[in-house]
Amino acid sequence: MISIKSPAQLEKMRRAGSLLYEVMQKLQEVVRPGESTAAIDAYAEELIRRNDATPSFLNYRGFPASICASVDDEVVHGIPSEDVILKEGSILSIDCGLILDGWQADSAITVPVGEIPESLKRLIEVTRSSFFEGARMAVAGNRVGDIGHAVQSLTEGRGYGVIRDLTGHGIGRSMHEDPAVPNFGEPGTGARLRPGMTLAIEPMISLGGWHVKQLDDGWTIKTLDGSPCAHYEHTIAVTGGLPEIFTLPGFAWE
Ligand code: MG
Ligand code: MG
């Protein structure tokens with residue numbers, strides 16, 4: 001069932017989103033060669049708890065950390081570790097969620113580690129652009145398939161792969177609510193969007209194919225062909241016009 005949030009509930013999600021934006025900004029600043037993903041995770045937990053919020057990923061179905069830290073060909077759900085030391089030229093996807101006053105926010109970004117090749121810069125940029133292409137379609141009266149179609153058209157049209165096994169999702173009191181929000185699809189299909197729906201839209205885009213595999217740790221998802229992958233996610237609300245992006249406070253559509 002897709003829940004519609006009241007203005008008061010949307011305000012709480014706006015506050016959660018705004019806090020997560022601040023956390024994500026600070027986490028990006030500490031991404032550098034020689035840093036361990038465990039250190040970034042510890043910093044994330046400290047920032048979240050310092051602001052009277054709770055890390056939503058920690059202990060979610062047994063996940064052991066407050067962020068997912070996925071390097072290079074890892075798509076999502078990488079487990080932070082003292083043994084994963086970031087190297088110059090890599091890309092790190094940081095996915096983080098928090099709960100403030102009972103309401104969830106979820107956001108992800110791929111960050112360069114030092115200087116990275118042009119091909120990876122373009123991958124990060126196209127992934128980011130595909131989020132905005134998709135989110136722009138999240139208007140009342142459109143359907144969920146319109147979002148995925150927009151993401152898919154932009155990225156596949158330029159030769160990138162769209163990860164299909166993982167999707168965006170509704171979000172609210174729970175991190176994962178209905179509907180699923182795939183990053184591919186047919187226009188005019190899927191659930192009808194209505195004001196007060198809140199979604200996490202999160203394209204995962206690879207330099208190669210879209211097939212993935214899960215590692216023996218039970219969490220980490222990698223591309224099957226070993227190609228690097230980028231991730232960009234925000235929590236948004238469907239409004240009477242273009243969507244509000246809770247995890248990007250102050251953002252205004254052109
Ligand atoms: Mg996320
Ligand atoms: Mg998500």
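Numbering of ligands and ligand atoms starts at 1, following listing order. Keep in mind that what you see is a predicted model, and the values were worked out from it rather than measured.
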Of the non-hydrogen atoms in Ile163 and Gly209, which two are nearest, and what is the gap between them? CD1-O, 4.3 Å
When you check the gap from the basic side-chain N to the acidic O, do Glu125 and Lys121 get nearer than 4.0 Å? no
Using a strict cut-off of less than 4.0 Å between a Lys/Arg side-chain nitrogen and an Asp/Glu carboxylate oxygen, indicate whether Lys5 and Glu11 qualify as a salt bridge.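 Looking at Glu11 together with Lys5, the answer is no, because their closest N to O distance does not fall below 4.0 Å.
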Centroid separation under 6.0 Å, is that true for the rings of Phe251 and Phe132? yes
Return the name of the atom in Asp106, of element N, O or S, nearest to the Mg ion (ligand 2).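 When I compare the N, O and S atoms of Asp106, OD2 is nearest to the Mg ion (ligand 2).
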For the Mg ion (ligand 2), find the closest N/O/S atom belonging to Glu202 and write down its atom name.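 Atom name of the closest N, O or S in Glu202: OE2.
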Which angle, to 10 degrees, forms at the Mg ion (ligand 2) with NE2 of His169 on one side and OE2 of Glu233 on the other? 110°
For the Mg ion (ligand 1): the N/O/S atom of Asp95 at shortest distance: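 Of all N, O or S atoms in Asp95, the Mg ion (ligand 1) lies closest to OD1.
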